[in-house]
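Heads up: the structure comes next, in structure tokens.
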Amino acid sequence: MISIGKGKNSEYVISKSDIFAEVDTHSFEDVDKWISENNINFDAAGSFAGGGAILTLQKINKKYNMPTRIPDDLMVGMDKFSQADLYEKYNLTSIKSWTASELETVPEDVDEFVVKPAVGRGSVGVEFIKRDELVNRLSNGIIPEDYIIQVFRKGVEYRMLLIAQKGEIKLLAPVKRI
């Protein structure tokens, strides 16, 4: 197994790797250069990391023609604004989203909002705030421009985990989140 990463690398993954290199997984160019310079041949690529590493993984899968490659227009990584644009393109439901500079008037009919990094995962940096607090933070310039502001919707979220191999569904698992 070949592993790369930079920063908070898992000692367990490193200990199980035949080769490990410190490479920034948020940079497709760095990862691709390392693969080329080291003449690395591989049959599959995956990621334990999230955030910017996801877009790099998608680009690597495409360039090296991996079975897990996805079409270009689905390559949005973890950026929530790009994801919202994708949902809109395919006429899927999405949650209204803004940056701090885009939100000129806070909707009167909404009581609670979610404020979070536009690129992130694992609920890191996610805050649920009331309308008055949002107005206060916006007027004081407290919300960073690389954060996303969304209307908070209560309810159950359903997702589907699907793993297919050679065109055949091997695993189909519903996921329910509250």
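This one's a predicted model, so the numbers in the text were calculated from it and none came from an experiment.
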| said: Before you tell me yes or no, could you show the steps for Leu162 and Leu171 under side-chain contact (heavy atoms from CB on, under 4.5 Å), namely the whole-Å CA-CA distance, both residues' side-chain angles and the distance that decides it to 0.1 Å? | reply: CA-CA 6 Å; Leu162 171 98; Leu171 173 69; over 6 Å; no

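- Aromatic pair Phe128/Phe152: ring centres closer than 6.0 Å.
- For Glu102 (side chain) and Thr99 (main-chain N/O), a donor-acceptor pair under 3.5 Å exists by modelled atom type.
- Side chains of Tyr147 and Ile149 form no contact here, defined as non-hydrogen atoms less than 4.5 Å apart.
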| task | Under the side-chain contact (heavy atoms from CB on, under 4.5 Å) rule, what do Ile70 and Lys62 come out as? Steps first, then yes or no, please. | result | CA-CA 7 Å; Ile70 62 173; Lys62 179 183 178 198; over 6 Å; no

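- Taking both residues in full, the closest heavy atoms of Met160 and Pro174 are given as SD-N, 3.7 Å, listed atom of the first, atom of the second, then distance.
- A continuous path of Ile, Leu, Val, Met, Phe, Trp and Tyr side chains, each step under 4.5 Å between heavy atoms, connects Tyr87 with Tyr90, placing both in one hydrophobic cluster.
- Side chain of Arg69 to main chain of Met66: a donor-acceptor pair is present (N/O by atom type, distance under 3.5 Å, no hydrogens or angles).
- Annotation: side chain of Ile60 is in contact with side chain of Ile35 (closest heavy-atom distance under 4.5 Å).
- Taking CG from Leu103 and NZ from Lys96, the interatomic distance works out to 9.0 Å, rounded to the nearest 0.5 Å.
- In this structure the side chain of Arg137 reaches within 4.5 angstrom of the side chain of Glu127, judged on heavy atoms.
- With rounding to the nearest 0.5 angstrom, the CG atom of Leu92 is 12.0 Å from the CD atom of Gln83.
- Glu29 contributes atom CD, which lies 6.0 Å from atom NZ of Lys59 (distance to the nearest 0.5 angstrom).
- Tracing side-chain contacts under 4.5 Å through hydrophobic residues (I, L, V, M, F, W, Y), one never reaches Ile142 starting from Ile148; they form parts of separate clusters.
- Ion pair Lys130/Asp111 not flagged as a salt bridge, since none of the NZ, NE, NH1 or NH2 atoms sits closer than 4.0 Å to an Asp/Glu carboxylate oxygen.
- A donor-acceptor pair under 3.5 Å links the side-chain atoms of Asp24 to the main chain of His26, judged by distance alone.
- Under a hydrophobic-cluster definition in which Ile, Leu, Val, Met, Phe, Trp and Tyr are linked whenever side-chain heavy atoms come within less than 4.5 Å, directly or via other members, Val31 and Ile19 are assigned to the same cluster.
- Residues Ala45 and Asn61 come closest through the heavy atom pair CB-OD1, 3.6 Å.
- Residues Phe42 and Leu57 fall into different hydrophobic clusters, defined by Ile, Leu, Val, Met, Phe, Trp and Tyr side chains chained together at heavy-atom separations under 4.5 Å.
- One hydrophobic cluster, built from ILVMFWY side chains closer than 4.5 Å, holds both Tyr64 and Ile2.
- Heavy-atom minimum distance, Ser27 versus Thr56: N-OG1, 3.7 Å.
- Taking all atoms of both residues into account, the shortest heavy-atom contact from Arg131 to Pro107 is NE-O, 3.1 Å.
- Residue pairs satisfying the side chain to side chain donor-acceptor pair (under 3.5 Å) criterion with at least one member in residues 38-54, sequence neighbours excluded, are absent.
- Taking the side chain as every heavy atom from C-beta outward, Glu112 and Lys154 approach each other to under 4.5 Å.
- For the atom pair Lys89 NZ and Leu74 CG, the distance stands at 8.0 Å (nearest 0.5 Å).
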| field | Verdict with reasoning, Val151 to Trp98, per side-chain contact (heavy atoms from CB on, under 4.5 Å) | value | CA-CA 9 Å; Val151 171; Trp98 305 269; 3.8 Å; yes

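- Taken from CG in Leu134 to CZ in Phe113, the straight-line distance is 5.5 Å, to the nearest 0.5 Å.
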| request: Quick one: do Tyr158 and Val156 satisfy side-chain contact (heavy atoms from CB on, under 4.5 Å)? Show the steps, please. | output: CA-CA 7 Å; Tyr158 294 95; Val156 179; 3.5 Å; yes

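- Rounded to the nearest 0.5 angstrom, Ile143 CD1 and Ser101 OG are separated by 11.0 Å.
- Under the 3.5 Å distance criterion, the side-chain polar atoms of Asn140 are matched with a main-chain donor or acceptor of Asn136.
- Heavy-atom contacts from other residues, nucleotides or ligands closer than 6.0 Å to CG of Asn91 number 12 or fewer.
- Ser17 contributes no side-chain N or O that, together with a main-chain N or O of Phe20, makes up a donor-acceptor pair within less than 3.5 Å.
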